[in-house]
Amino acid sequence: MRVYLPCTLPALARVVTLGELGPAPLTGYAVTPALVEWYVSGDTEELEYVALTEAARASLRMLAADRADGVQAAARRVVIAAEVPDGSVSAGAELEERARVRLAAAISMADIAAVHVDDLSAVEDVEAAIVALPAADRGDDDARFALDGAEANELLWYATQEIPDLIG
């Protein structure tokens with residue numbers, strides 16, 4: 001099963017150093033039965049894009065949490081795409097978490113298929129979204145617009161052999 005895991009550039013560097021993303025349990029996003037039922041007209045590629053987008057939103061929250069903890073990371077959303085055995089994935093039952101899954105084991109570097117990362121041109125939009133996130137959570141429409149601005153940027157695809165260039 002293809003699973004999309006939210007990340008940041010510093011966390012991606014730790015994955016490379018440790019040789020795995022963990023410890024488990026991990027939260028990821030995937031094409032779940034609930035997502036398929038909700039998005040009845042979509043094909044697999046469209047459904048995977050929905051899961052990738054959900055993981056990118058979670059990456060934005062990780063960036064905001066890092067900032068709150070004093071970690072200054074580049075304002076670029078990161079999503080790790082991994083192939084994992086179906087048996088190590090469990091899906092949630094909540095409607096608002098249609099694509100959310102829990103992984104019972106750490107993800108090894110060998111299981112990582114690709115990494116999706118914001119282009120440098122998205123940094124300003126992502127930075128604005130990080131700042132606006134608390135107000136957006138309180139329902140502020142202007143802040144929500146800032147989040148939409150970050151989501152308007154497509155994540156770029158990187159092969160696993162390109163990861164050192166991303167974190168270097």
ask   = Is a side-chain N or O of Ser88 found less than 3.5 angstrom from the main chain of Leu103, in a donor-acceptor match?
value = no
Q. In the single-linkage hydrophobic clustering (I, L, V, M, F, W, Y; side-chain heavy atoms under 4.5 Å), do Leu52 and Val115 co-cluster?
A. no
Rounding to 0.5 Å, atoms CD1 (Ile112) and CG (Leu21) come to a distance of 6.5 Å
- Answer whether the closest heavy-atom distance between the side chains of His116 and Val78 falls below 4.5 Å. no
Correct closest heavy-atom pair for Ala56 and Leu155 would be CB-CD1, 3.8 Å
Would Tyr158 end up clustered with Leu120 when hydrophobic side chains under 4.5 Å apart are linked, directly or stepwise? no
Query raised in the report: If you count the non-hydrogen atoms of other residues, nucleotides and ligands that lie under 6.0 Å from CD in Gln72, is the total more than 12?
Result: yes
Could you go through residues 2-19 and list every donor-acceptor pair under 3.5 Å that involves a side-chain atom there, pairing it with any protein atom two or more places apart or in another chain?
| from | atom 1 | to | atom 2 | distance (Å) |
| --- | --- | --- | --- | --- |
| Arg2 | NE | Glu83 | OE2 | 2.6 |
| Arg2 | NH2 | Glu83 | OE2 | 3.0 |
| Thr8 | OG1 | Ala11 | N | 3.2 |
| Thr17 | OG1 | Ala13 | O | 3.0 |

Only pairs under 3.5 Å count here: list side-chain donor-acceptor contacts from residues 133-143, not counting sequence neighbours, and write none if there are none.
| from | atom 1 | to | atom 2 | distance (Å) |
| --- | --- | --- | --- | --- |
| Asp137 | OD1 | Arg61 | NH2 | 2.6 |
| Asp137 | OD2 | Arg61 | NH1 | 3.0 |
| Asp137 | OD2 | Arg61 | NH2 | 3.4 |
| Arg138 | NH1 | Pro134 | O | 3.4 |
| Asp140 | OD1 | Asp142 | N | 2.8 |
| Asp140 | OD1 | Ala143 | N | 2.8 |

Nearest heavy-atom contact between Ala146 and Ala128 is CB-O, 4.1 Å
Nearest heavy-atom contact between Ala150 and Ala129 is CB-CB, 3.6 Å
Should Ile107 and Ile80 count as side-chain neighbours, where that means a heavy-atom distance under 4.5 Å?
no
### Query
Would Val131 and Leu60 show up in the same hydrophobic cluster when neighbours are defined by side-chain heavy atoms closer than 4.5 Å?
no
- Task: Tell me, with the steps shown, if Tyr29 and Arg98 meet side chain to side chain contact (heavy atoms under 4.5 Å, CB included).
- Result: CA-CA 9 Å; Tyr29 300 84; Arg98 290 179 187 97; over 6 Å; no
Taking C-beta and beyond as the side chain, do Arg67 and Ile130 meet within less than 4.5 Å on heavy atoms?
yes
The complete set of salt bridge (Lys or Arg N to Asp or Glu O under 4.0 Å) pairs with one or both residues in residues 107-121, sequence neighbours excluded, reads Arg77-Asp118
As a quick check of understanding, evaluate side chain to side chain contact (heavy atoms under 4.5 Å, CB included) for Val89 and Arg102, giving each step before the final call. CA-CA 6 Å; Val89 178; Arg102 296 291 274 175; over 6 Å; no
Applying side-chain hydrogen bond (donor to acceptor under 3.5 Å, both in side chains) to Glu48 and not counting sequence neighbours gives none
Taking every heavy atom of Ala99 against every heavy atom of Leu35, the minimum-distance pair comes out as CB-CD2, 4.1 Å
Ala91 and Val101 have their tightest heavy-atom pair at CA-CG1, 4.1 Å
Hits for side-chain hydrogen bond (donor to acceptor under 3.5 Å, both in side chains) against Asp66, two or more places apart or cross-chain, chain-then-number order -> none
Taking every heavy atom of Ala106 against every heavy atom of Leu26, the minimum-distance pair comes out as CA-CD1, 4.2 Å
Exercise for review: Quick one: do Glu54 and Arg100 satisfy salt bridge (charged side-chain N to carboxylate O under 4.0 Å, His left out)? Show the steps, please.
Suggested key: CA-CA 8 Å; Glu54 290 295 321; Arg100 186 176 295 174; over 6 Å; no
For Ala113, does its backbone N or O pair with a side-chain atom of Thr160 as donor and acceptor, under 3.5 Å?
-> no
**Asked** Would Val117 end up clustered with Leu156 when hydrophobic side chains under 4.5 Å apart are linked, directly or stepwise?
**Response** yes
Do Glu151 and Arg57 come close enough that some side-chain heavy atom pair is under 4.5 Å? yes
Under 3.5 Å, sequence neighbours excluded: what are the donor-acceptor pairs made by side chains of residues 161-168?
| from | atom 1 | to | atom 2 | distance (Å) |
| --- | --- | --- | --- | --- |
| Glu162 | OE1 | Ala159 | N | 2.7 |

